Amino acid sequence: MNASWMLHLYPKSWRARYEGEFRAMLAENSVSLAEMTDIALGALDAHLRPQVPGPDVPETPARPVDPAEAARRRARFQAVFFAHLALFIAVNMILLIINAIFTPSNWWFLYPLWGWGMVLTLHAGLTFPWRVLFGAHLGLYALLNAGLIAINVHVGGAAWSIWPVITLGVFLLTHGLMSFGRITLFQAHVMATAFACLELLLIPLLVDGADGFLEMVSLAGQLWILVLAHWLMRTCGWSLFRAQMLTFAGFMALLLLSNVIDDSGGWWVQYPFVVWGMFLVAHGIVHYRVARWSGSSREAMMLDQLGDRNSKRPQRTLGMHLYVFLFGAAAVAILNLMDDTETWWAIWPIGGWLILLVIHTGVVMLPNRLLGAHLFAWIAGSAALVAIDAGTAGGPWWYWPIAAWGIVVAAHAGVLLFPTRPYLGMHVLGGIALSLFLVMTDLVTGPPTWWYFPIPVIVISMILHFGLTLDLNAVTGGSSSHREPQRDGSRGSS
Amino acid sequence: LNRKQIDLGRFAEPALLILISLAEQPRHGYAMMEDIAGFAGVRLGPGTMYGAIARLEKQQFIEAVPSTDRRQPYRLTGAGLAALQEQLDNINAVAEAGMQRVRQSGQEPS
């Protein structure tokens, strides 16, 4: 038997030292089952009592940070947050007033206040970070559970709100211990899994009508498979792809077991099998293409690719996205075909993903990635609206959202393409787009031709704005950038 | 050498066999396995063999010989030779004591 694969059970450091010669020894003759057991025990021993020191990992050199630029960026983030806060207060005050006047018996405004409040809390946690993301996590946990408990108390009945308090509390606790450096990520994973399993085993005992004990055991088993995969990646240097294969096999075995003991009938296990299987194939292609490019089979390189925008790597990442999309779309289409319903629901997830792929293409292909994303999103979104309209009755309603969005894209382009005069750029390009819209609308709708009247106003306002900018230059004796903030979303060289 | 230095845990016996094998000449893993099977009648498993090799190398009783071959040969170091000598002396002393007691018992092996 070929036992070379068992080398992946050994720690990374051990393999770095002995893998070559160990393989050579195994190649000398076939390996019996007893010897395979011996290798497995040897791997276990190598983990429990490591004899080879871990490889020295070179520290990634930190990118030089300009303190002034960092302060500017921080100030910009904080300004965005306070704008969000002001909007939050204003809108919710309006909702409160509307609620109080028209439906005082039903305080529905609390729901948008709560939902938006959680988003605002997350935003606050990201803008004013405490222990990286732990502050955001803590705030979100408190607000979410406060709302759920309030709903539970208001509605009455069983105290179901205790479960998110416990479950999410475990994640919060482990995250907190990790944030304060008490435990590692892997230990946090094990701890959270152990608590979750305990809860899974308690639920059938405490809650009437909950899923059976075997279902909970199956779910707990899946959680531990994730821990095993994490451990193999961490200590044995398994790639993400290899870990995912193990996870796939383990999950499918447990789900199959659940399906067999499930008395509801039908082989529902085929759906996760097909969808995940297609993703696994796509991941395999990406994994081995990466290996061919670099001689390394680590997905970490893909992450480097995402960070380095000055090379051809973004194009490769886009290529990978395309592969994954093709396989994902095929998986969803197969699911649709396997389904008994006679509707083509697969169009929606595939279409949505296709829009994301087009946006990704815009980010990669255009020199200014922000403009590329927006422009390509507009193109894809417009195509989607036209396609939806083609499949439904009614007039060409798509014209209006496409035109409105197009004007916004043009204004955005003005800001990004004229970084020294962003407002003027927005005014000019947005004005041109608005004028075009008016002309087009006139051509589409026919008389009366009142659409033309605003155009002179737009042109005059543009000229005035331009003149004002020139005048300011003359007064300050420098660039108008003193008056208009610089906004450069380009890559510098472009 | 004190006891701690030559403490090889459950790999003590395989380690001793490896030291004996290398006392003759440098050998790579598979050659050691064959040699040990020949002189001791014990076939070490690959996991056991490399568990012991890793320990012996860490304690500097053996060292890798520079080689272009994928099969990495090892040789005994001076410390390894001394450790082997001490182990064999201990075994000899135990064997001698045992033989003496067998002789003193006056019984003949059946």
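The sequence lines fix the lettering, A, B, ..., with proteins before strands; numbering per chain opens at 1. Fair warning: this is a prediction, and the values are worked out from it, not measured in the lab.
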_Residue A/Arg17 versus chain B: region with a heavy atom under 4.5 Å_ =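 A/Arg17 touches chain B through side-chain heavy atoms alone.
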_Which atoms of A/Leu44 approach chain B - backbone, side chain, both or neither, heavy atom under 4.5 Å_ =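 The answer is neither part of A/Leu44.
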So which atom in [X] and which in [Y] form the shortest heavy-atom distance, rounded to 0.1 Å?
| X | Y | answer |
| --- | --- | --- |
| A/Trp14 | B/Ala54 | NE1-CB, 4.4 Å |
| A/Met25 | B/Pro46 | CE-CB, 3.5 Å |
| B/Gly45 | A/Asp38 | C-OD2, 2.9 Å |

Atom [atom1] of [X] with >12 non-hydrogen neighbours under 6.0 angstrom:
| X | atom1 | result |
| --- | --- | --- |
| B/Arg43 | CZ | yes |
| B/Gln60 | CD | no |
| A/Phe186 | CZ | yes |

*asked:* So that I can tick it off, tell me whether A/Asp45 and B/Arg55 are bridged by a salt bridge, with the cut-off set at under 4.0 angstrom between side-chain N and carboxylate O.
replied: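 Salt bridge present between B/Arg55 and A/Asp45.
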*Would you mind telling me which of B/His28, B/Arg70, B/Gln72 has the largest number of heavy-atom pairs within less than 4.5 Å of chain A?*
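The answer is B/Arg70.
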_Please identify which of these residues, B/Arg71, B/Met33, B/Glu34, meets the side chain to side chain contact (heavy atoms under 4.5 Å, CB included) condition with A/Glu28._
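The option that passes is B/Arg71.
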*Select, from A/Leu26, A/Ile39, A/Thr37, the one with the greatest count of heavy-atom pairs under 4.5 Å involving chain B.*
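Sorted descending by pairs with chain B, the first entry is A/Ile39.
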*So, A/Glu21 and B/Tyr30: side-chain donor and acceptor under 3.5 Å apart, yes or no?*
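Note: A/Glu21 and B/Tyr30 side chains miss the donor-acceptor criterion.
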_Value rounded to 0.5 Å, distance of OH in A/Tyr18 from OH in B/Tyr50_ =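 OH of B/Tyr50 is found 8.0 Å from OH of A/Tyr18.
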